[in-house]
There are 2 protein chains.
Amino acid sequence: MQSRTPASRTGRPRSAAADTAILAATREALVELGWSKLTLSDVATRAGVAKTTLYRRWAGKNELVVDAVAELFDELELPDLGSLAADIEGVVLQFAAILARPEARSGLMAVVAESTRDDALRERIRASIVDRQMRLVLQGRARAQHRGELPPEPDPEQAARTVDLIFDMVAGAVVHRTLVSGKPADGEWVHSFIRVLLLGLVGASRTP
Amino acid sequence: MQSRTPASRTGRPRSAAADTAILAATREALVELGWSKLTLSDVATRAGVAKTTLYRRWAGKNELVVDAVAELFDELELPDLGSLAADIEGVVLQFAAILARPEARSGLMAVVAESTRDDALRERIRASIVDRQMRLVLQGRARAQHRGELPPEPDPEQAARTVDLIFDMVAGAVVHRTLVSGKPADGEWVHSFIRVLLLGLVGASRTP
DNA sequence: AGCTTTCGCTACGAGTCGTAGCGTAATGCC
DNA sequence: GGCATTACGCTACGACTCGTAGCGAAAGCT
């Protein structure tokens, strides 16, 4: 979050209710107005707080939207459905459901675009959104290796590269399908995609 | 392009030099300022034209940037390197080189984000950017089937789904690697990626 | 109590937007 | 050549947003 309240203990504390109201108002404004027409004055009005309160907590529109969108990914969890393919399909369908929501569609791509020119923003996105997804990949891979569905990776550097590759392939394909092609990442599509991905990974691990 | 000059033949024609100057100035402004701080007044000054000229040709910032970025993808071609894997690696490296340029990074994602709320803009992006990439996938697939590297697809509906899937996987992975993960899609990464992709596609086509 | 920080409110200069109006320049048609 | 038509450069405009400053009141802690 944006709060930096580890040391300062004295004085009136910041309203936690205002935080949730502001983030909810931001998502509401994203749905109705989209990224470019969203103004902080409008968000403040919707949340029932003063505009100055927004500027005390967030540096600008970018940081606010990152936090508002990041909360959407809180629900993301790796289910245990018995097989690697089923687990991945489950989590990818969750991911696709989040990306189908208009507040995620219009907000996420916009802040990613901004982050190409702002390293601090890129780091904020990595910490609050991307890392959580990456953790799911690591978790699923470890579970699959324990089950014997994927071979163990002795070289840690090679393992890191493989995890990065899987992550970019999964997240990239779902995002591109949803936001660029504009078609739904439904059950049928996810099933085909995961089949190709797993066959490729297993095949690549057999012939190094 | 934005020109609609099929019927109107009389009157002073639009300066073609102004078009190229404006689009070049737009890319220059994208590099220096990024999407959010780019203003049409600034572009007009850089291009040496009046601001009103910009508004006569483009509806707004979105449409202008789409056209400016689209020109970057003109150079994209499918090389003939003897094998499907080599061909794909070649074109993916071209694609990655374009995405590595700052004017593409900051511009492309921004207009895609805007297009989630603007169907006309989405269609413009599809026609001027996405379709060209899709054609490369079709071309490569046909050539590979002719070589026998990929099995022929009797069902046209199934073939269309497969092409869509390949397109989202390739473009999505490269874009995600470059813009979200922030790491270069260099030769080593592309090689690993294509290997997984092709092994998966061949494997999936064998066990339908 | 006293101290500290946050809150809501108002106001402000600076900057951008998109458009209108004007006189001038460059074409095609007669 | 003259005429209609369209594009161009320029200026100016109201409306809007931005981010900040200053104020008095409120809400905690010691």
Side-chain angles (χ1 to χ4, degrees), chain A residues 1-26 29-30 32-66 110-111 114 117-118 120-121, chain B residues 1-26 29-30 32-65 67 110-111 114 117-118 120-121:
Chain A
M1 288 301 170
Q2 83 290 353
S3 322
R4 291 152 190 79
T5 44
S8 71
R9 354 167 33 88
T10 176
R12 175 176 177 175
R14 287 189 172 171
S15 161
D19 255 44
T20 62
I22 290 170
L23 293 176
T26 303
L30 275 177
E32 291 185 19
L33 305 173
W35 160 266
S36 57
K37 294 185 181 176
L38 179 147
T39 70
L40 292 197
S41 309
D42 186 83
V43 171
T45 305
R46 289 172 191 266
V49 302
K51 186 175 62 162
T52 44
T53 299
L54 277 176
Y55 281 101
R56 285 193 196 96
R57 307 191 181 197
W58 285 276
K61 194 161 128 174
N62 291 332
E63 291 75 9
L64 173 62
V65 172
V66 170
V111 293
E114 289 298 303
R117 317 202 81 257
D118 183 342
L121 187 62
Chain B
M1 289 299 170
Q2 80 291 353
S3 324
R4 291 154 191 76
T5 43
S8 70
R9 351 172 30 88
T10 175
R12 175 177 176 175
R14 288 189 170 171
S15 160
D19 255 44
T20 62
I22 291 171
L23 292 177
T26 303
L30 275 177
E32 292 184 20
L33 305 173
W35 160 267
S36 58
K37 294 183 180 176
L38 179 147
T39 69
L40 292 196
S41 309
D42 186 84
V43 171
T45 305
R46 289 173 191 266
V49 302
K51 187 174 63 161
T52 43
T53 299
L54 277 176
Y55 281 101
R56 286 193 193 97
R57 305 191 182 200
W58 285 276
K61 195 161 126 175
N62 291 331
E63 290 75 9
L64 173 62
V65 172
D67 286 0
V111 292
E114 290 297 306
R117 317 203 79 258
D118 184 342
L121 187 61

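Computed from a predicted structure; not experimentally measured. Each chain gets a letter, A, B and so on, in the order the sequences are listed, and its residues count up from 1.
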Return the polar atom pairs (N/O with N/O) between nucleotides 9-19 of chain C and the protein under 3.5 Å, or none.
unit_1, atom_1, unit_2, atom_2, d
C:dC9, N4, A:T52, OG1, 3.0
C:dG18, OP2, B:Y55, OH, 2.7
C:dG18, N7, B:K51, NZ, 3.2
C:dG18, O6, B:K51, NZ, 3.0

Heavy-atom closest pair, residues A:L30 and B:R117
O-NE, 3.7 Å

Looking only at heavy atoms, the pair that brings B:V43 and B:I22 closest together is CG1-O, 4.0 Å

So which heavy atom on B:A18 is nearest to which on B:S15, and how close?
N-OG, 3.0 Å

Roughly how bent is the helix from C:dA1-D:dT30 to C:dC30-D:dG1 end to end, in steps of 10 degrees, with each end axis from five pairs?
30°

On a heavy-atom basis, the closest approach of B:L40 and B:L64 is CD2-CD2, 3.7 Å

Measure the distance from CD1 on B:I22 to P on D:dA7 and round it to the nearest whole Å.
13 Å

B:E114 and B:W35: which non-hydrogen atoms are nearest, and at how many Å?
CG-CZ2, 4.0 Å

Calculate the interatomic distance between A:E63 atom CD and D:dG19 atom C1'; express it in whole Å.
14 Å

Rounded to whole Å, the CG-P distance (A:L64 to D:dT17) equals 16 Å

Within-4.5 Å side-chain heavy-atom neighbours: B:R14 and B:D19:
no

Acceptor/donor pairs from residues 46-54 of chain B side chains to any protein atom, 3.5 angstrom cut, sequence neighbours excluded:
unit_1, atom_1, unit_2, atom_2, d
B:R46, NE, B:D42, OD2, 2.5
B:R46, NH1, B:E28, OE2, 2.7
B:R46, NH1, B:E32, OE1, 3.4
B:R46, NH1, B:E32, OE2, 3.4
B:R46, NH2, B:E32, OE1, 3.1
B:R46, NH2, B:D42, OD2, 3.4

Any protein N or O atoms within reach of nucleotides 25-27 of chain D? Criterion: under 3.5 Å, listing atom names and distances.
unit_1, atom_1, unit_2, atom_2, d
D:dA26, N3, A:R12, NH1, 3.1
D:dA27, O4', A:R12, NE, 3.4

Round to the nearest Å and state the distance from A:N62 atom CG to D:dC18 atom C1'.
14 Å

Is any side-chain N or O of A:S15 closer than 4.0 Å to OP1 or OP2 of C:dT6?
no

